[in-house]
Amino acid sequence: MNLLTRRHLLVAGLGVGSAALAGCSDNSATSPVTPAPATPSAGQKLVQKTVVAKPVTVDLGGPRYATWAYGDSAPGAVLRATAGDFLRITLDNQLPADTSIHWHGIRLNNTADGVPGMTQDPVPSGGKHVYEFTAPDPGTYFFHPHVGVQLDRALYAPLIIDDPQEPGKYDAEWVVVLDDWLDGTGQTPDGVLAKLIADGGTGPSMGGMDHGSHGMGGTQPWGDAGDVTYPHFLINGRVPDAPEVFTAKPGQRIRLRIINAASDTIFTVALGGHRMTLTHTDGFPVVSQEVGAFYIGMGERFDAVVTLGDGVFPLVARPFGKMDGGQALALVKTGAGQAPGRDVSPAELSGEVLMGSQLQPADSARLPGKGVDATEQLTLEGSMKPYQWGMNGAKFGENKPLTVKSGQRLRLNVMNMTMMTHPLHLHGHTFALPSGLRKDTVLLAPMQSMAIDLDADNVGDWAVHCHNIYHAEAGMMIALKYVA
Ligand code: C2O
Ligand code: CU
C-alpha cells in the first residue's frame, strides 16, 4: 500500500502520471517555486537541530512496544523556537523505509513542507535531509512524517513557536500530546490500512450511526468518528495506569498546549474540577472562551489557561465515538488526595462540549478586510465499505488540483458528503472560517458545508487533506497549486 501510494505520489510529482493527471497539468501553468532561504537573514536567530527517526522500543508506562520514533520516546522531544527564527533541522532517517517531516501548521516556504511527490523526494532509509525555514507565526504546532501511515507510529513531536510579544500571564506551561496507539501490539499501521482496504471499516457505509448520542451533549449529530480500534490512548506517551503527573501549587495559572497527534481519534478533553479558558487554536488567538470540555480533532491544537485548585485532578481525553477502548489520562497534582483511576469520568465531560469552530477570532487573528477573488469547490467523499475516500470526485492523484493565483483571496466551498466527521487540514496557510476564526485544521460533521477563505500569500504546491491518516492515505487529499 505504502509503496504503491508513494510511487503514485512520485509519478504525480514528475507530471507523467495517468491521463487524468496529464490532463490537469496541461490546464495549469507551471507553478512558480518559492526560493528556499539558504541562510538566516540579518538579525534572525538560527535554531539548529537534528531529528533522528529510528526503530526503537518505547515504554508507555508498563507496556513496551517496538515502533518507530523521533529519538527514544513517544512523543519526540519538544522542538522550540521564537517567531521569526530560522530553523535548520536535519532529518536523519535511520528507519528501514522512506520518510519525511511535515511541519504541521507552519506557514513556511514550500520546499520545506515535507510532502514527497509534491515538495521533495522522499528521504531514503539511511539518508539525511535538511529542512530550512522561517517560522513566522507563534503558536502550538507539531511535526510528523508525510509518508504512508507513519504518523500512527511514534513519529510525532511538539513544535512550539514562542511569541516575543507574549505577556506570559501564567506560572508554567505544560505540553499535552494526545495519541491513539496500536503499533507493535500485534498490529502495525500498514497492516491496519491494508485490512481496512481489503475488508472495509467497522461501521456501515451510510446512514445514522448515532454514537454521537452517547453523552456528547446531544448537540452534534456527528455520526461515526473513527475506523480503527485502538488498544491504548495516550497522553504524552503514557497509558492511564501510569499517567504523567503534572505538579504545581494551588492557585497557579497554567498554560496548556494541547495537541491531537492521533491518527483516527477525535477526543473530548476536560480537566476534572476545573473550567479552562481557551486562548488559541492552531496557533492563532481567539476571544477567550471558558469551557468545561472541548473536542479536538486530529491535527488540531488548543491552548488553554487554567487556575488550579487544591488536590489531585484528572486531565482526561476521551475518544469520541469509540465506546470500548478506554481513554487517555494525565494527573494534575497540587496537593494531597487520592489519584483518580484509569476510568475516571469528570463531570465536565457530560456537560456542554465546545467545538473549535464555535470559537470567535481575536481581532489580531482576522484576515484583512477584502473581497473574495476566486472560489473553488471542495467536496469530501467516501465510504467505509468499500474503504474508499476522495476529494472532488476521485482519490488523490486522480483528482484535479485546486488552483489559485498569488495575491488572491480564495474561498473554498467545502462540503462533507460523507457520514463521518473529518478534520480538514491545509498546508502552508491558516484559513478563516465564516466567523473569521483562523484554523489550519477544522472538523466537518457529516454532511456539513463550510466556506473557508485563505489569502494566497505563499507560492507553491500544497496538500489539502483529511487528517485521519487512514483516510488521507486512502486518497482523501488534493493539491492546491499556485498558477500564473
Ligand atoms: Cu499534519 Cu498533511 O499534515
Ligand atoms: Cu477523513
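Bear in mind the structure is a predicted one, so any value in this text is a computation, not a measurement. One-based numbering, in listed order, for ligands and for the atoms of each.
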Between Asp113 and Tyr131, is a side-chain hydrogen bond (donor to acceptor under 3.5 Å, both in side chains) present by the stated rule, with each step listed? CA-CA 8 Å; Asp113 197 44; Tyr131 292 93; over 6 Å; no

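Checked by atom type and distance alone, the side chain of Asp453 never pairs as donor or acceptor with a backbone atom of Arg409 at under 3.5 Å. Judged by distance alone, the side chain of Asn392 and the main-chain N or O of Gln377 form a donor-acceptor pair under 3.5 Å. A donor-acceptor contact shorter than 3.5 Å is absent between the side chain of Arg88 and the backbone of Gln48.
Closest to the Cu ion (ligand 2) among the N, O or S atoms of His471 is ND1. When distances from the Cu ion (ligand 2) to the N, O or S atoms of His422 are compared, ND1 comes out shortest.
Here the straight-line distance linking atom CE of Met391 with atom CD of Glu398 works out to 15.0 Å at 0.5 Å rounding.
Among the atoms of Cys466, an N, O or S atom falls under 2.8 Å of the Cu ion (ligand 2).
A salt bridge links Lys439 with Glu300; the closest basic N to acidic carboxylate O contact falls under 4.0 Å.
Between His104 and His144, the angle of the ring planes lies from 30° to 60°, which puts this pair in the tilted group.
Around atom 1 (Cu) of ligand 1, protein atoms of type N, O or S found under 2.8 Å number 3.
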